[in-house]
Protein chains: 2
Amino acid sequence: MAGRRSAQDALTTRDSILRTAADIATVDGLEGVTIGRLATDLGMSKSGVIGQFGSKEELQLATLERLLGTFRERVWDPVQHLEPGLPRLLAICESWADYEGHPEFEGGCGVAQVSFEFDGRPGRVHDALAAALKRWRRTLVADITTAVEAGDLPADTDPQQVAFSLDALASGMNTARLLHGDTDSGSWALAAMHAVLGIDRAPARS
Amino acid sequence: MAGRRSAQDALTTRDSILRTAADIATVDGLEGVTIGRLATDLGMSKSGVIGQFGSKEELQLATLERLLGTFRERVWDPVQHLEPGLPRLLAICESWADYEGHPEFEGGCGVAQVSFEFDGRPGRVHDALAAALKRWRRTLVADITTAVEAGDLPADTDPQQVAFSLDALASGMNTARLLHGDTDSGSWALAAMHAVLGIDRAPARS
DNA sequence: CCTACCGATCGGTAGG
DNA sequence: CCTACCGATCGGTAGG
């Protein structure tokens, strides 16, 4: 059983490492993902863990990719096919709020977690994160702009300002849930998103 | 010069340690505040650093108190005397946005940073943080409720929802500035705060 | 507040 | 992917 494994096995190993790493990162951050801890949790040797990636930084980058992939699967993929503009934008808000409210990982959305961890640090993790978030913001700005042009949002809407606000409100759900125990943060964030979009609240269902 | 110092000197030393610790924490988090790093930065011995606090956890708690104190000085103290309700609430939004836009520390607001770092972890730092943020949220909810009762905010306002939203928008400025290079995040956040309060935007000054 | 030290853990390598 | 290591750093203590 010992010794080198096939490329297929290596892929499975890599995947299980990254799944564990992602889980750890959402609670303790990407710096909390230590090689020794992964080895212990997975019943592997340290060299077996790091050998898959080469260095801690590569491991962090791969873990970040994993977190970004999960975000995309849960928030973007389900609504991507919808009509650009307000329809898709509203669907994004819903899937986003739903994701943060029912997170895949223990510590919530890893992207929000890592954003705060690496926003002020130099290095490749920071750069990869910034690039991914810039792409996401461009996506938001595009749909907001389309919605304004279609007359579905107020003409004086500032797309950058709205995109920033949606992002901030989504990120805040993490902390609200874990620090205040707020179970309603999903609907709170969604309501606030509608407010910054300049859309009337849905009628009360009581 | 060597040997024990007076109680006064010890206070000065403690203060300089905490100032450096607070600066580090806003960039690298409270876990990045290591005893060895503080000793090097301050030209002290490790035992000289930790001797002031007893343990890393006490050092983290003291650093958190420092960050909370700065937040209070910059956001709450300048507006505390104002009339409770909408007047003070709007002033809070402005000092809050101004603080996050012109932060005292390199990495921005330490409270937001530590919130994300410790929201999912157990321990005394988490508990102290949660207690302080709950107090802050109660302050916000009180002024929101007063404003609603005075008829200055819509009658169907949900104070908890609005308090959550203000918090999220303020926290988001950190990441926007450091990750996207947004220099307008202060005015963006303020505009979004007004939106979630259900207040019309100020007329454009162009 | 210093020197000198402790065991534990960090990221990482050699060699198989 | 393992064993066996490496130097560096971690939090912390003894003793002055």
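Just so we're on the same page: letters track the sequence lines, and every chain starts at 1. Quick caveat, the model's predicted, so the values are computed rather than measured. What's counted below: heavy atoms across the whole structure, side chains too, no hydrogens, waters or symmetry copies.
When the side chain to side chain contact (heavy atoms under 4.5 Å, CB included) test is applied to B:Ala189, the partners found at least two apart in sequence or on another chain are A:Phe164, B:Met173. Checked against salt bridge (charged side-chain N to carboxylate O under 4.0 Å, His left out), A:Arg124 has the following partners two or more places apart in sequence or in another chain: A:Glu57, A:Glu58. Partners of B:Thr40 under the side chain to side chain contact (heavy atoms under 4.5 Å, CB included) rule, at least two apart in sequence or in another chain, do not exist in this structure. A search for ring pair (Phe, Tyr, Trp, His ring centres under 6.0 Å) contacts involving B:Phe118 returns nothing, not counting sequence neighbours.
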Based on Watson-Crick and G-U pairs with both distances under 3.5 Å, what dot-bracket line describes DNA chain D 5' to 3', crossing pairs as [ ] and inter-strand pairs as |? ||||||||||||||||
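The side chain to side chain donor-acceptor pair (under 3.5 Å) analysis of residues 82-94 of chain A, with sequence neighbours excluded, yields the pairs A:Arg88-A:Asp143. Applying the side chain to side chain donor-acceptor pair (under 3.5 Å) definition to pairs two or more places apart or across chains, those involving residues 171-193 of chain B are A:Arg137-B:Asp182. Applying the side chain to side chain donor-acceptor pair (under 3.5 Å) test to pairs two or more places apart or on separate chains, none has a residue in residues 108-117 of chain B.
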Summarise protein proximity over nucleotides 6-13 of chain D in one line of letters, 5' to 3': B for base, S for sugar-phosphate only, - for none, counting protein heavy atoms closer than 4.0 Å. ----BBBB
